[in-house]
Trainee: 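Below are the structure tokens for one structure; questions will follow.
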Protein chains: 2
Amino acid sequence: MTPRRRDELLAAARELFLRKGYAATSIADIAAAAGASKAAVFYHFKTKESIAAELLESPFTAVSRLIERAEEQRLSPAQILTDYIDGAAETGAVFLAFASDPSTADLIPQYDADAACRRIIELLAGPAATPADRVRARAAFAVAQTVVPTLQEHAGLLDDATRQEIRAAALRALGTGGGS
Amino acid sequence: MTPRRRDELLAAARELFLRKGYAATSIADIAAAAGASKAAVFYHFKTKESIAAELLESPFTAVSRLIERAEEQRLSPAQILTDYIDGAAETGAVFLAFASDPSTADLIPQYDADAACRRIIELLAGPAATPADRVRARAAFAVAQTVVPTLQEHAGLLDDATRQEIRAAALRALGTGGGS
DNA sequence: GTCTATAAGGGGATAGAC
DNA sequence: GTCTATCCCCTTATAGAC
């Protein structure tokens with residue numbers, strides 16, 4: 001009932017997609033990293049794409065929900081950044097890694113990480129944003145993205161102090177007090 | 001004497017590497033984008049790698065020289081960030097794009113963009129850096145990297161005001177006055 | 001469920017005509 | 001210099017034995 005192998009393959013795929021990118025990772029790479037054969041991969045997953053889709057599903061819906069809440073409840077930039085950073089830290093930065101991997105553009109149309117990022121930046125910039133506002137919003141979002149390399153250096157774990165430090169830097173980059 | 005075709009191919013390759021990433025861009029893509037055949041690409045360039053190497057050479061040496069100067073003359077974080085952003089804006093952000101494309105890791109050992117980025121972050125963090133210092137240095141560097149999407153939105157041109165805005169956001173993220 | 005073997009296609013790269 | 005045609009390997013994906 002518990003297909004352990006499947007999880008090992010999924011974990012191997014995640015690690016490789018994060019380190020080498022989606023396009024540069026082959027099914028053979030994934031199989032070898034999990035100590036299995038290529039055919040085993042295709043027994044557990046229909047296509048290479050579907051592996052990416054499975055890895056991305058939960059992180060992507062988390063970000064989507066954040067965007068919805070931000071729009072409906074008019075969350076402040078500080079709240080958006082905090083939620084985004086916490087979510088990224090918890091889901092192991094898969095969303096960010098895929099969003100910044102150009103070879104995954106248009107891979108899974110339902111999970112358009114790039115569009116989600118652009119929307120978040122718009123929300124950070126505010127309703128009547130000037131070009132300068134957008135530059136600052138992009139800067140703040142870029143700081144939030146540093147959870148990826150930070151996670152990699154901290155062996156997949158982000159302590160609270162580090163998370164706060166990233167959040168503070170993002171807010172400073174945004175250049176506001178963080179209020180509504 | 002002036003092989004125009006070569007420059008067109010180089011320009012097409014740059015555009016595609018930036019948009020889709022190195023691994024996801026095929027020789028056929030490059031040839032089609034320049035209105036040529038695959039064989040034409042291999043007449044002008046020995047390998048696909050060599051195209052990347054040629055695109056990366058000038059931006060990489062610019063960054064290398066910045067690192068050398070920063071080490072020898074003990075440049076301040078503000079000076080390093082300013083130079084880096086200006087250099088990135090001038091070289092069309094090729095360096096940054098390759099540095100953030102995971103599929104180019106170890107492509108050209110001489111041009112290790114990732115190592116260069118880590119070195120710059122160390123220099124920004126300072127000699128006796130705490131973990132928090134490193135987080136802030138990474139944040140500032142991440143802000144500098146936003147020249148990539150910003151250039152893309154501004155059709156390859158960064159006006160002085162925008163450049164200053166990015167620079168200011170990076171310095172705020174770093175959390176210092178920008179002094180020595 | 002996992003394997004070996006293989007099909008089908010795309011990738012980088014070459015040969016040779018023009 | 002540029003093309004068409006081709007080579008060969010690697011990639012995704014499938015078939016079928018165990």
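So you know, we letter chains A, B, ... as the sequences are listed, proteins then strands, and number each from 1.
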Trainee: Quickly work out the B:K48 NZ to C:dT14 P distance and round it to whole Å.
Mentor: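 Answer to the nearest Å: 15 Å.
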
Trainee: Looking at C:dT4, D:dT2, D:dT14, which one has an atom nearest to any side-chain atom of A:F42?
Mentor: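 For the A:F42 side chain, the nearest candidate turns out to be D:dT14.
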
Trainee: Over how many whole Å does the gap from B:R4 atom CZ to D:dT2 atom C1' extend?
Mentor: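 After rounding, the reported distance stands at 14 Å.
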
Trainee: What is the distance, to the nearest angstrom, from the CZ atom on A:R5 to the P atom on C:dT2?
Mentor: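 Interatomic distance, CZ of A:R5 to P of C:dT2: 5 Å.
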
Trainee: Just how far, in rounded Å, is P of D:dT14 from OH of A:Y43?
Mentor: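 Atom-to-atom, A:Y43 to D:dT14, this comes out as 15 Å.
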
Trainee: Between atom NE2 in A:H44 and atom P in D:dA13, what is the gap in whole Å?
Mentor: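 Atom NE2 in A:H44 sits about 16 Å away from atom P in D:dA13.
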
Trainee: Taking CD from A:E49 and P from D:dT11, how many angstroms apart are they, rounded to a whole number?
Mentor: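 So the two atoms are 18 Å apart, to the nearest Å.
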
Trainee: Quick check with a 6.0 Å cut-off and a 45 degree axis cone: is B:K38 positioned over the face of B:Y43's six-membered ring?
Mentor: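 Not satisfied by the 6.0 Å and 45° rule.
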
Trainee: Counting the atoms with a prime plus P, OP1 and OP2 as sugar-phosphate, which does A:T25 contact under 4.0 Å by heavy atoms, base, sugar-phosphate, or nothing?
Mentor: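 The residue A:T25 makes sugar-phosphate contact but no base contact.
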
Trainee: Quickly, which of A:K48, A:R19, A:K20 forms a salt bridge (charged side-chain N to carboxylate O under 4.0 Å, His left out) with A:D29? Name it, please.
Mentor: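 That would be A:K20.
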
Trainee: Identify, between A:I27 and B:K38, the residue whose nearest nucleotide on DNA chain D lies closer to the 5' end.
Mentor: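 Its nucleotide being nearer the 5' end, the pick is B:K38.
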
Trainee: Check every atom of D:dA15, D:dC3, D:dT12 against the side chain of A:A39 and return the nucleotide holding the closest atom.
Mentor: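 Side chain of A:A39 sits closest to D:dA15.
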
Trainee: From NZ of B:K46 over to C1' of C:dT14, roughly how many Å is that when rounded to an integer?
Mentor: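 The distance from NZ of B:K46 to C1' of C:dT14 comes to 11 Å, rounded to the nearest Å.
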
Trainee: Is there a donor in the side chain of A:S76 and an acceptor in the side chain of A:Q79, or the other way round, less than 3.5 Å apart?
Mentor: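 The answer is yes; a qualifying pair exists.
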
Trainee: For the pair made of CZ in A:F45 and P in D:dT14, what is the distance, rounded to whole Å?
Mentor: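 A:F45 atom CZ is separated from D:dT14 atom P by 15 Å.
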
Trainee: Given B:E165, which of A:R136, A:R134, A:R138 fulfils the salt bridge (charged side-chain N to carboxylate O under 4.0 Å, His left out) condition?
Mentor: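 Looking at A:R136, A:R134, A:R138, the match for B:E165 under the salt bridge (charged side-chain N to carboxylate O under 4.0 Å, His left out) is A:R136.
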
Trainee: Identify whether any heavy atom of A:S26 sits under 4.0 Å from a base atom; if not, whether one sits that close to sugar-phosphate; answer base, sugar-phosphate or nothing.
Mentor: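 If one applies the 4.0 Å heavy-atom cut-off, A:S26 turns out to touch the sugar-phosphate alone, with no base involved.
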
